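Source: prediction; values computed, not measured.
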Amino acid sequence: MKQLFASALLLLAPAWVMAQGSGAATPAKPASAKQATAAKAKPANTTKSSTAAAGNGKTVVAKAQQTSSRTQLKSAANQVATGIIAAEAALSPEELAIAERVHVGRIACELGAFVNVSADKANPGHFQVEGKGFKYRMIPVATTTGAVRLEDTKAGAVWLQIANKSMLMNQKLGQRMADECMSPEQFVVAEAIKKAPPQSVFDAPSGSK
């Protein structure tokens, strides 16, 4: 009986081994629908990232172009403003001729006051006229009397120079700010006038009755 049972086991053993091998070689189950969908969705995310990066790049380029345009516009505006200032600063030959006659330096005035007149080297014909409590930027203005006249139109100030003296007035304030101002050249003329006053047109000629 034992031999019969052993023989049966020997006959069944190969079949059992083959059955186990078949079970081990069984292929894996296919991926679920959710896993497949997730796998397909990954390239889509990559595409979106690429699109976003491209969009950001375009935005950066656009901003850079706007900044460049603004810089160019600002530069052009500054150049125009500089040209306008230069055009306003330019003087006529007549005004430049008047500027050559302006007395410069520290000029003494009455009551111990002083007025400093200095030429602007960067802008021919322009002058700084300053003293205690005031400072003006002036340019020559032609007159019918031949007197030298400098004006600061914004401040309303006028520096008037004649042969024997100069004076500073502020037309807006309606006051004379400095008077009897004399440069060395004007002092010489003033002394000569004192010694030999000019004849008045009302004075009768000598020898007349």
Side-chain angles (χ1 to χ4, degrees), residues 70-209:
R70 289 176 182 174
T71 302
Q72 291 175 353
L73 288 173
K74 187 175 181 180
S75 177
N78 290 337
Q79 291 177 0
V80 171
T82 302
I84 292 173
I85 293 173
E88 291 178 348
L91 301 178
S92 67
E94 182 182 10
E95 291 168 336
L96 290 174
I98 296 172
E100 293 179 357
R101 297 163 51 199
V102 175
H103 296 163
V104 297
R106 183 179 172 88
I107 301 176
C109 305
E110 67 177 0
L111 304 177
F114 285 89
V115 174
N116 292 307
V117 181
S118 58
D120 186 347
K121 296 180 180 180
N123 298 288
H126 293 244
F127 296 88
Q128 296 283 355
V129 179
E130 54 187 319
K132 186 177 181 180
F134 61 86
K135 183 177 181 179
Y136 303 116
R137 178 176 173 79
M138 297 186 164
I139 59 173
V141 177
T143 64
T144 56
T145 61
V148 174
R149 182 185 180 96
L150 302 178
E151 289 187 3
D152 183 333
T153 55
K154 291 183 179 180
V158 176
W159 175 254
L160 188 62
Q161 172 188 307
I162 57 177
N164 62 325
K165 66 178 182 178
S166 298
M167 64 185 72
L168 178 65
M169 299 173 289
N170 191 309
Q171 296 177 332
K172 283 188 176 181
L173 300 177
Q175 60 180 284
R176 188 172 296 184
M177 305 183 69
D179 199 1
E180 297 292 332
C181 305
M182 296 183 191
S183 65
E185 297 89 341
Q186 289 171 313
F187 181 79
V188 171
V189 174
E191 289 298 311
I193 291 175
K194 287 181 181 179
K195 295 177 181 179
Q199 186 176 12
S200 173
V201 293
F202 298 104
D203 293 341
S206 60
S208 62
K209 294 182 180 179

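A distance of 11.5 Å separates CE of M169 from CE of M177, quoted to the nearest 0.5 Å. Atom NE2 in H126 sits 8.5 Å away from atom CD in E95 (nearest 0.5 Å). Note that OG1 of T144 is 10.0 Å distant from CZ of R149, once rounded to the nearest 0.5 Å. The CD atom of Q186 sits 8.5 Å away from atom SG of C181, with the distance rounded to the nearest 0.5 Å. A distance of 5.5 Å separates CG in L168 from CE in M138, rounded to the nearest 0.5 Å.
Side-chain contact between L91 and P140: present, with at least one pair of heavy atoms (C-beta onward) separated by less than 4.5 Å. Using a 4.5 Å heavy-atom cutoff, the side chains of Q128 and N116 are not in contact. Taking the side chain as every heavy atom from C-beta outward, V117 and Q161 never approach each other to under 4.5 Å. In this structure, the side chains of D152 and F134 stay at 4.5 Å or more apart for every pair of heavy atoms.
A side-chain contact (heavy atoms from CB on, under 4.5 Å) with L150 is found for one member of I139, I98, V102 and no other, namely V102. With respect to V129, the side-chain contact (heavy atoms from CB on, under 4.5 Å) criterion is satisfied by exactly one of I107, V115, V104: V115.
Taking both residues in full, the closest heavy atoms of A119 and F127 are given as CA-CD2, 3.7 Å, listed atom of the first, atom of the second, then distance. The minimum heavy-atom distance between A163 and V189, with the atom names listed, is O-CB, 3.7 Å. Taking both residues in full, the closest heavy atoms of N164 and M182 are given as O-CG, 3.6 Å, listed atom of the first, atom of the second, then distance. The two residues I162 and A147 make their nearest non-hydrogen contact at CG2-CB, 4.0 Å.
For K154 (side chain) and Y136 (main-chain N/O), no donor-acceptor pair under 3.5 Å exists by modelled atom type.
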Stepwise side chain to side chain donor-acceptor pair (under 3.5 Å) test for T153 and E151: CA-CA 6 Å; T153 55; E151 289 187 3; over 6 Å; no

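The 12-atom threshold is not exceeded at CZ of F187, counting heavy atoms of other residues, nucleotides or ligands nearer than 6.0 Å.
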